[in-house]
Amino acid sequence: MSGLTGLILEAVVWTIVIIALSQIISFAIVWWLGVPPSKMEHEIEEKQNAAVGAIFFIVSLVVSIFVSVLASDGFTEVETATTGAIWILGGVAFGIILTFLNIFIVFRWMGRDERAAGESMYKYMQREIIDEHNLAFAFFLGAL
């Protein structure tokens, strides 16, 4: 495995670890506060409990900051502007792909009734965030 491939693979693995770790911690905190995982969908989608969504968002932010600082060697300059641009564009592309994958997973988990009614993932997201002003859902997605 070349150095570049190793760096890319390491970045992907750390991203997935951070997402998994932050979600596990968030679920544990919310469960400790009295909302078991079996009731999580109801709190986010039906009750639209923004506090539950905010816990996911805040924990995700804190975990990602601390893990990235601890796992990083600090800022390292890139050899050329082209290399820097490729890393930035690659990171943005990976972020977009991972975001859509996470949204798809959430739709499969939370959107069961909507799928049964024939609602598309886009329409589900649009309804929850725009039409219903579901801040809990927006925070939860932001955490991913």
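Quick note: numbers below take in every heavy atom, side chains included, and nothing from hydrogens, waters or symmetry partners.
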Would you confirm whether Ser60, through its side chain, and Ala143, through its main-chain N or O, come within 3.5 Å as a donor-acceptor pair?
yes
Just so I know, are the side chains of Ile29 and Val59 near enough to count as touching, which here means a heavy-atom distance under 4.5 Å?
yes
Give a yes or no on whether Leu89 and Ile97 share a hydrophobic cluster (residues Ile, Leu, Val, Met, Phe, Trp, Tyr; joining criterion: side-chain heavy atoms under 4.5 Å apart).
no
Of all pairs that satisfy ring pair (Phe, Tyr, Trp, His ring centres under 6.0 Å), the ones with a partner from residues 32-67, not counting sequence neighbours:
Phe27-Phe56, Phe56-Phe140, Phe57-Phe139
State, yes or no, whether a side-chain contact exists between Leu141 and Ile129 at a heavy-atom distance under 4.5 Å.
yes
Hey, any chance Ile130 and Phe137 share a hydrophobic cluster, counting ILVMFWY side chains that come within less than 4.5 Å of each other, even indirectly?
yes
For atom CZ of Phe104, is the number of surrounding heavy atoms from other residues, nucleotides or ligands below 6.0 Å larger than 12?
no
Could you tell me the separation between the CE atom of Met125 and the CD1 atom of Ile103, rounded to the nearest 0.5 Å?
4.0 Å
Check the pair Ile19, Val63 against side chain to side chain contact (heavy atoms under 4.5 Å, CB included), reporting the backbone distance first and the verdict last.
CA-CA 9 Å; Ile19 290 170; Val63 168; over 6 Å; no
Count I, L, V, M, F, W, Y as connected when their side-chain heavy atoms are under 4.5 Å apart, and connections chain through other members. Are Val52 and Ile58 then in the same cluster?
no
Is there a path of hydrophobic side-chain contacts, each under 4.5 Å between heavy atoms of I, L, V, M, F, W or Y residues, that connects Val92 with Phe100?
yes
For Ala50 and Leu135, the nearest pair of non-hydrogen atoms, with its separation, is CB-CD2, 3.8 Å
Are Glu43 and Lys47 within salt-bridge range, i.e. N to O under 4.0 Å?
yes
If every non-hydrogen atom of Ser64 is compared with every non-hydrogen atom of Leu61, which pair is closest and at what distance?
OG-O, 2.9 Å
Worked verdict on Ile25 versus Val62 for side chain to side chain contact (heavy atoms under 4.5 Å, CB included)
CA-CA 11 Å; Ile25 292 169; Val62 170; over 6 Å; no
From CA spacing to verdict: side chain to side chain contact (heavy atoms under 4.5 Å, CB included), Glu128, Gln48
CA-CA 9 Å; Glu128 286 291 333; Gln48 300 184 3; 4.2 Å; yes
Give the C-alpha distance, both sets of side-chain angles, the deciding distance and a yes or no for side chain to side chain contact (heavy atoms under 4.5 Å, CB included) between Leu33 and Ile55.
CA-CA 11 Å; Leu33 291 172; Ile55 287 172; 3.7 Å; yes
d(Phe94 CZ, Thr15 OG1) to nearest 0.5 Å is 5.0 Å
Side chain to side chain contact (heavy atoms under 4.5 Å, CB included) filter on Ile16, not counting sequence neighbours, yields Val12
Kindly compute the distance separating CG (Asn49) from NZ (Lys39), expressed to the nearest 0.5 Å.
14.0 Å
Within the side chain of Asn134, is there an N or O that forms a donor-acceptor pair under 3.5 Å with the backbone of Ile44?
yes
Please round to the nearest 0.5 Å and tell me the distance separating atom CG of Leu101 and atom CD1 of Ile105.
4.0 Å
Residue pair Tyr124 / Glu45: nearest heavy atoms and the distance that separates them:
OH-OE2, 2.6 Å
